[in-house]
Amino acid sequence: MKKIIALLLVAVMVLSLAACGTKEENTTGTNDGTSAVNGTGTTDISSTGQQTTATEGLTETGELAAGYHYKEEIIIAMADEFTTIDPMETTAETNQIVQDCTHDLLTDTNLATMQNEGELVESWTMEDPTHWTFTLKDNVTFHDGTKLDTEDVYFTLMERAPQHSTTSAYAEKIKEFTIVDDLTFKVELVNGDVDFNYVFAANSLAILSKEAFESMPEEEAIKIGTGPWMYEEFVPGDYVSLVRFEGSTLYPVPNTQRLVFKMIPEASARMIALENGEVDVIMSPNATDYARLIEDENLQLITEVGRGQHYVGFNLANPDSIVTNPKFRLAVAKALDKEEICIAVWDGYATPSTNIHCRDMGYYNDIEGIAYDPEGAQALFDELGCNGMTISLVTTDSAVRTKFATNVQSQLKKYGINVDITQYQTTAFNELQYSTPGETNGVEMFILSWTPGKNADYMYRNTLYSTGGRNGAHLNDPEIDKLIDDAAGEMDTTKRAELYLELQNKLVTEIIPWIPCAQATLTFGAAAGVTGAKIHPGLVHQFKECERIIAD
């Protein structure tokens with residue numbers, strides 16, 4: 001409980017700073033939007049300040065000191081499997097983390113400022129909410145040696161994106177795409193969107209090479225990006241390796257020569273591999289290992305408050321299930337103790353959620369939501385005759401979701417409801433979850449998380465809009481669609497805030513397609529001397545500039 005309260009206070013502090021628009025100067029040498037702690041001291045991991053000391057092995061000017069060298073290969077241990085090279089095939093974070101090293105976006109989040117900035121784009125202007133002009137950076141080179149131009153952007157957004165469920169909703173926003181010259185393009189939108197620049201920060205919209213697709217087999221063309229890393233080898237279920245791109249123009253050529261992302265599902269095994277020197281970075285260490293990472297002078301703990309919204313969802317298109325009854329969804333919302341979930345799933349290193357909207361995003365409202373009310377839940381369950389009922393619940397086979405599903409099962413058992421859990425590998429789960437609503441997939445309840453981009457429209461359009469590619473609840477509500485469209489196009493910030501407040505209240509307390517449960521603290525473990533391993537609150541962690549300095 002103390003951990004939960006501490007994290008709530010931290011979240012309030014972060015939001016207060018964001019609201020004030022302040023920017024603290026970084027005086028500790030990391031400037032990467034994360035906190036790092038090594039063996040030189042201790043700190044509460046919920047701290048959001050920079051906690052690292054100057055990197056050993058570098059001079060005051062940032063040059064490599066005598067007696068030190070850069071490690072040629074860095075190995076990153078991941079919990080989940082890398083499954084596809086194609087950025088448009090899935091929004092799974094593991095895939096996007098690797099793809100972020102090899103492919104770039106038109107705009108992206110600067111993790112030092114947490115602002116949306118141009119990556120491949122040099123600048124943009126909004127004539128009005130439906131008309132935008134973008135100018136690309138000049139002389140950006142693809143891995144095949146060709147130069148990025150507007151034909152590549154058109155090919156990615158207008159030819160390939162409409163064919164994939166992860167990107168079709170974004171493509172549908174564009175009414176007309178006009179190429180002005182090699183570096184300038186204009187878009188006219190179907191509906192106004194004053195935050196349209198954020199759309200281009202969706203990792204599934206990484207820009208591809210048109211020429212590569214015209215001259216290579218698709219399985220080779222999809223590997224061609226503009227990032228500082230190129231694909232070397234992909235062994236499904238084991239690892240994917242990258243080599244540095246010597247012709248990188250958008251980013252400096254890395255000092256590291258080879259980057260390997262290795263799948264190690266068990267957190268304890270990842271920790272042992274780090275301590276033994278078999279890997280350089282581990283993702284999602286066990287909370288019980290935080291003290292070891294902090295106290296060992298050869299290791300470090302890197303943390304950041306996450307943006308991901310972990311939730312219990314309902315398939316509103318299943319005509320044979322009680323989950324289509326809003327009273328049942330309300331009862332489940334009242335029945336779940338979110339503080340218990342935070343402790344059982346994240347050892348308390350998470351913050352209970354009362355709103356679908358994520359805390360660090362614009363237009364978040366601290367609404368009361370649906371409070372934990374076991375007596376009210378029992379009364380509704382009794383009214384509906386739920387005693388002895390069995391409900392199916394599906395999710396993926398990750399360790400976190402296993403704990404989450406088991407806890408939900410345990411909590412609903414108290415009300416006489418049996419929960420039958422089925423877990424799937426991620427690809428199989430996506431095929432089941434996002435099947436055509438008219439084809440009954442048997443899903444009643446599911447456990448997922450959604451980690452949107454920073455802008456408010458991203459929060460809803462892909463997951464709760466009727467035609468959204470990740471609308472797993474199969475919500476089809478014209479009023480909600482209209483609210484999402486109206487809010488996206490409203491230029492008056494006061495009116496826009498009112499629309500988002502109405503949207504949040506309707507979804508959370510009336511329709512209840514999801515029960516938002518928690519936002520978790522994100523952590524890395526790393527060897528001393530590792531820099532450039534950056535935690536992204538939106539889970540697309542960045543390793544583009546990951547290096548490790550070690551003594552000769």
Side-chain angles (χ1 to χ4, degrees), residues 32-34 74-112 114-121 137 140-143 148 156 161 166-167 170 198-209 222-232 234 239-245 248-254 256 258-263 280-281 283-284 302 304 306-308 451-454 458 522 524 530-547:
D32 61 4
T34 61
I74 289 180
I75 301 176
I76 298 143
M78 309 179 81
D80 297 320
E81 181 181 359
F82 178 82
T83 61
T84 179
I85 291 171
D86 190 341
M88 292 185 184
E89 281 299 312
T90 175
T91 58
E93 291 87 6
T94 300
N95 292 306
Q96 292 188 336
I97 288 167
V98 178
Q99 292 158 359
D100 180 70
C101 295
T102 59
H103 292 69
D104 295 313
L105 309 173
L106 292 174
T107 70
D108 202 1
T109 300
N110 181 324
L111 293 184
M114 292 310 300
Q115 300 300 313
N116 179 256
E117 298 178 2
E119 187 169 29
L120 292 172
V121 162
K137 293 178 180 177
V140 176
T141 305
F142 280 104
H143 299 156
L148 168 77
T156 302
T166 60
T167 50
Y170 304 130
Y198 284 94
V199 170
F200 289 155
N203 283 78
S204 50
L205 292 179
I207 300 303
L208 305 170
S209 167
I222 199 65
K223 298 177 182 178
I224 305 300
T226 56
W229 296 94
M230 303 186 298
Y231 284 100
E232 180 190 46
F234 171 30
Y239 70 89
V240 56
S241 61
L242 312 176
V243 293
R244 68 185 182 187
F245 175 34
S248 177
T249 51
L250 191 60
Y251 290 92
V253 176
T256 309
R258 190 168 185 259
L259 204 57
V260 179
F261 294 88
K262 185 172 181 59
M263 181 184 175
D280 303 281
V281 180
M283 297 177 61
S284 306
I302 305 170
E304 181 63 79
R307 185 183 304 148
T451 306
K454 188 95 169 150
Y458 199 127
L522 307 176
F524 286 170
V530 169
T531 61
K534 303 178 183 180
I535 293 181
H536 194 309
L539 297 183
V540 186
H541 310 309
Q542 293 183 4
F543 295 94
K544 280 186 172 85
E545 301 171 273
C546 190
E547 299 172 339

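Residues M230 and K223 fail the side-chain proximity criterion, which asks for heavy atoms closer than 4.5 Å. Side-chain contact between M88 and I222: absent, with no pair of heavy atoms (C-beta onward) separated by less than 4.5 Å. At a threshold of 4.5 Å between non-hydrogen side-chain atoms, the residues F245 and T141 count as touching. Side-chain contact between N95 and P87 is absent, with no heavy-atom pair separated by less than 4.5 Å.
Residue pairs meeting the salt bridge (charged side-chain N to carboxylate O under 4.0 Å, His left out) criterion with at least one partner in residues 89-105, sequence neighbours excluded, are D100-K544, D104-K544.
Note that the CG atom of N116 and the OG1 atom of T107 stand 4.0 Å from one another [nearest 0.5 Å]. One distance of note links CG of L522 with CE of M283; it measures 8.5 Å at 0.5 Å rounding. Residue F543 holds its CZ atom at 4.5 Å from CD1 of I76, rounded to the nearest 0.5 Å. Distance NE2/H103 to OH/Y231: 6.0 Å, rounded to 0.5 Å. Note that CG of L148 and NZ of K137 are 10.5 Å apart. Values are rounded to the nearest 0.5 Å.
With sequence neighbours excluded, the residues that form a ring-ring contact (aromatic ring centres under 6.0 Å, His included) with H541 are F524. Scored by the salt bridge (charged side-chain N to carboxylate O under 4.0 Å, His left out) test, D80 finds no partners at all (sequence neighbours excluded).
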